[in-house]
> 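Okay, here's the structure, questions in a sec.
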Protein chains: 2
Amino acid sequence: MSQNGKLATDLVQKLERDIVTGVLKPGDKLDERSLSERFGVSRTPVREALQTLAGSGLVATMPRRGTIVASITVAELIEMFEVMAELEAMCARLAARRMPRVDIENLIALSEECNGLKDHADADAYYEANVRFHEAIYAGCRNSFLERQTKNVRNRLAPYRRLQLHRPGRVKKSNNEHADILSAISNGEAETAGKLMQQHVAVQGESLNDLLAIVPRGYLEPLAS
Amino acid sequence: MSQNGKLATDLVQKLERDIVTGVLKPGDKLDERSLSERFGVSRTPVREALQTLAGSGLVATMPRRGTIVASITVAELIEMFEVMAELEAMCARLAARRMPRVDIENLIALSEECNGLKDHADADAYYEANVRFHEAIYAGCRNSFLERQTKNVRNRLAPYRRLQLHRPGRVKKSNNEHADILSAISNGEAETAGKLMQQHVAVQGESLNDLLAIVPRGYLEPLAS
DNA sequence: CCACGCAATTTTGTATACCAGAACGTCATT
DNA sequence: AATGACGTTCTGGTATACAAAATTGCGTGG
């Protein structure tokens, strides 16, 4: 029917995108048959794709119970943010030491792009620019393994991180923090850049309560996992 | 034929163990048919297991070219050690802040176990005790996500880390560093514990050259990936 | 009217059969 | 003799068919 090789890989990417961008939400059921019909392939590549996604943690599959978009417990959410903050801090520290001037110029441009969108009505536009800013710093660490690892955790947190920016005032605050991080990186102040990034990403104190308050039903598992 | 459920999961664990413990070495070919015959199952669960392992990075599968135990480039090796050092440092920092007294007692016992084996003839015995010591610290960070993430990277580096201890004098030096890390954790000195752990794990300067010198052929890919 | 149990349906897990692409070897040509 | 093209064979990718388990709905009994 289709003249390709490696259908499963395509499916992985498509499903990944749908999960990260929020089309598929935590807790959504991923039925093998529906997916195979939707994509016009048999169940085999669908299953392989789901296996792969389960490996990266984006979906959870329970034996004989099917596969769902991974939803996590509150405890895991806190844990993952704690790790995320540290990974991004490491990226920032290394970027401050290693990022070439030309890439810093690009980072400045991305920062200004964020700045231009900070008063924009919908938070999603800022979110996209924000992602590009952060990814530029990942790339700046010049450690592609760290970059992949960081993106992986970021993807798994994406559904929840997206919510953060919908909180009033968060966009402006985030934007100010970007400026400080940028200048630290630009000046080669590794420790400062790392510390600022850590605080920028971490969800601590009241922020945690605020975040939990706007997480929709179904995004988090009940305590009895 | 077999009366079980979820054959693939079993295969994942078996293969994982073989890779981590060095029975299967980087570059070894994982033929689907041989594996299916060896384990008495069909190719389907074998393929699913390989998919999962590919997701966690332990094996690499090239379309139409088969799958092999992941072998990495020198650049990746350096990158992974850089990340590993930081992850373990984070574990140590958090452990210094959060590890309950009773678990610290256990950590002391594990440290003494290492100490008892430091002059032992074969480095593998020390290696196993060393693993237990480090894993106790992972657990001490009280962040199960970080623990999983750290173990995952550790597993991927296992074939190379194992080699390190075969270098003359490395065992004794490692053991001394353990003592310092232990005392920092025990005293709740988070930053010190993290810094010491970072240096303990990192492969820097001459150590890198020494490590590369004893990596067997086939463990590392040629530059043209 | 509610609860428990059985059966039917749905859905996952496994096996097998089929197809396509890549590696290797052979033969012919220069 | 060397090199390139063609074909065979082996291996991986996909589809389909079959088996087992879980959920759900219905019926019966209390």
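Within every chain, numbering begins at 1; the chains are lettered A, B, ... in the order of the sequence lines, protein sequences first and strands thereafter. Just so you know, these numbers use all the heavy atoms, side chains as well, and skip hydrogens, waters and symmetry mates.
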> Could you tell me which residues satisfy salt bridge (Lys or Arg N to Asp or Glu O under 4.0 Å) with Glu16(B), sequence neighbours excluded, listed by chain and number?
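Testing Glu16(B) for salt bridge (Lys or Arg N to Asp or Glu O under 4.0 Å), a comparison that skips the adjacent residues, returns none.
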
> Which residues pass the side chain to side chain contact (heavy atoms under 4.5 Å, CB included) test with Val171(A), sequence neighbours left out?
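Once residues adjacent in sequence are excluded, the partners of Val171(A) under the side chain to side chain contact (heavy atoms under 4.5 Å, CB included) criterion are Lys118(A), Tyr126(A), Leu165(A).
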
> Is any side-chain nitrogen or oxygen of Arg65(A) closer than 4.0 Å to OP1 or OP2 of dT11(C)?
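For dT11(C), OP1/OP2 do not have a side-chain N/O of Arg65(A) under 4.0 Å.
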
> Just the atom pairs and distances: protein N or O near nucleotides 7-9 of chain C's N or O, under 3.5 Å.
none

> Side chains of residues 197-208 of chain B: which donor-acceptor pairs under 3.5 Å do they make with residues two or more places apart or in other chains?
unit_1: His200(B); atom_1: ND1; unit_2: Glu177(B); atom_2: OE1; d: 2.4
unit_1: His200(B); atom_1: NE2; unit_2: His134(B); atom_2: NE2; d: 3.3
unit_1: His200(B); atom_1: NE2; unit_2: His178(B); atom_2: NE2; d: 3.3

> Taking CZ from Phe39(A) and C1' from dA15(D), how many angstroms apart are they, rounded to a whole number?
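Distance check: Phe39(A) CZ to dA15(D) C1' gives 18 Å.
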
> Round to the nearest Å and state the distance from Arg64(A) atom CZ to dT11(C) atom P.
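Whole-Å distance recorded here is 14 Å.
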
> Report all interatomic pairs (protein N or O, nucleotide N or O of nucleotides 16-18 of chain C) with separations under 3.5 Å.
unit_1: dT16(C); atom_1: O4; unit_2: Thr44(B); atom_2: OG1; d: 3.4

> Just distance, no hydrogens or angles: give the donor-acceptor pairs under 3.5 Å from side chains in residues 23-30 of chain B, sequence neighbours left out.
unit_1: Lys25(B); atom_1: NZ; unit_2: Gly22(B); atom_2: O; d: 3.0
unit_1: Asp28(B); atom_1: OD2; unit_2: Lys25(B); atom_2: N; d: 2.9

> What is the distance, rounded to the nearest whole Å, between atom CD of Glu32(A) and atom P of dT16(D)?
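Whole-Å distance recorded here is 15 Å.
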
> Taking side chain to side chain contact (heavy atoms under 4.5 Å, CB included) as the test, write out the residues that go with Ile214(A), two or more places apart.
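Only Leu163(A), Arg167(A) meet the side chain to side chain contact (heavy atoms under 4.5 Å, CB included) criterion with Ile214(A).
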
> Consider the side chain of Glu48(B), meaning its heavy atoms from C-beta on, and name the nucleotide among dG12(D), dT14(C), dA15(D) that approaches it most closely.
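For the Glu48(B) side chain, the nearest candidate turns out to be dT14(C).
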
> Could you check whether any side-chain heavy atom of Phe145(B) comes within less than 4.5 Å of a side-chain heavy atom of Arg156(A), counting everything from C-beta outward?
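Touching, per the 4.5 Å side-chain cut-off.
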
> Residues in side-chain hydrogen bond (donor to acceptor under 3.5 Å, both in side chains) with Arg33(B), at least two apart?
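With sequence neighbours excluded, Arg33(B) shows a side-chain hydrogen bond (donor to acceptor under 3.5 Å, both in side chains) to no residue whatsoever.
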
> Between dT16(D) atom P and Arg47(A) atom CZ, what is the distance in whole Å?
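Answer to the nearest Å: 16 Å.
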
> For Thr61(B) and for Pro63(A), locate the closest nucleotide of DNA chain D by heavy-atom distance; then report the residue assigned to the nucleotide nearer the 5' terminus.
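With Thr61(B) and Pro63(A) compared, the 5'-side residue is Thr61(B).
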
> For Gln51(B) and dT14(C), give me the distance from atom CD to atom P, rounded to whole Å.
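Going from Gln51(B) (CD) to dT14(C) (P), I get 15 Å.
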
> At what angle, to 10 degrees, do the two end axes of the helix from dC1(C)-dG30(D) to dT30(C)-dA1(D) meet, given five pairs define each axis?
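Roughly 10° between the end axes, to the nearest 10°.
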
> Any idea which of dG12(D), dT14(C), dA15(D) is nearest the Pro45(A) side chain?
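Side chain of Pro45(A) sits closest to dA15(D).
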
> Which heavy atom of Ser56(B) sits nearest a heavy atom of Asn152(B), and at what distance?
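So the minimum-distance heavy-atom pair works out to O-OD1, 3.7 Å.
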
> Is the closest side-chain heavy-atom distance between Glu32(B) and Leu50(B) below 4.5 Å?
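Heavy-atom side-chain distance check passes, below 4.5 Å.
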
> Could you check how far CE of Met62(B) sits from P of dA23(C), rounded to whole Å?
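Going from CE in Met62(B) over to P in dA23(C) covers 10 Å.
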
> Can you list every salt bridge (charged side-chain N to carboxylate O under 4.0 Å, His left out) pair that touches residues 79-95 of chain A, not counting sequence neighbours?
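Of all non-adjacent pairs touching residues 79-95 of chain A, those that pass salt bridge (charged side-chain N to carboxylate O under 4.0 Å, His left out) are Glu82(A)-Arg98(B), Glu86(A)-Arg93(B), Glu88(A)-Arg161(A), Arg93(A)-Glu86(B).
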
> Between atom CD1 in Ile68(A) and atom P in dT11(C), what is the gap in whole Å?
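Rounding to the nearest Å, CD1 of Ile68(A) and P of dT11(C) are 16 Å apart.
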
> Distance check needed: dT23(D) C1' versus Asp31(A) CG, whole Å only.
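These atoms are roughly 14 Å apart.
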
> Can you name the residues that form a side chain to side chain contact (heavy atoms under 4.5 Å, CB included) with Pro63(A), not counting sequence neighbours?
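For Pro63(A), the residues satisfying side chain to side chain contact (heavy atoms under 4.5 Å, CB included) (neighbours in sequence not counted) are Lys6(B).
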
> With sequence neighbours left out, write down each residue that passes side chain to side chain contact (heavy atoms under 4.5 Å, CB included) with Glu135(B), or none if nothing qualifies.
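So Glu135(B) forms a side chain to side chain contact (heavy atoms under 4.5 Å, CB included) with Val131(B), Tyr138(B), Lys151(B), Arg154(B).
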
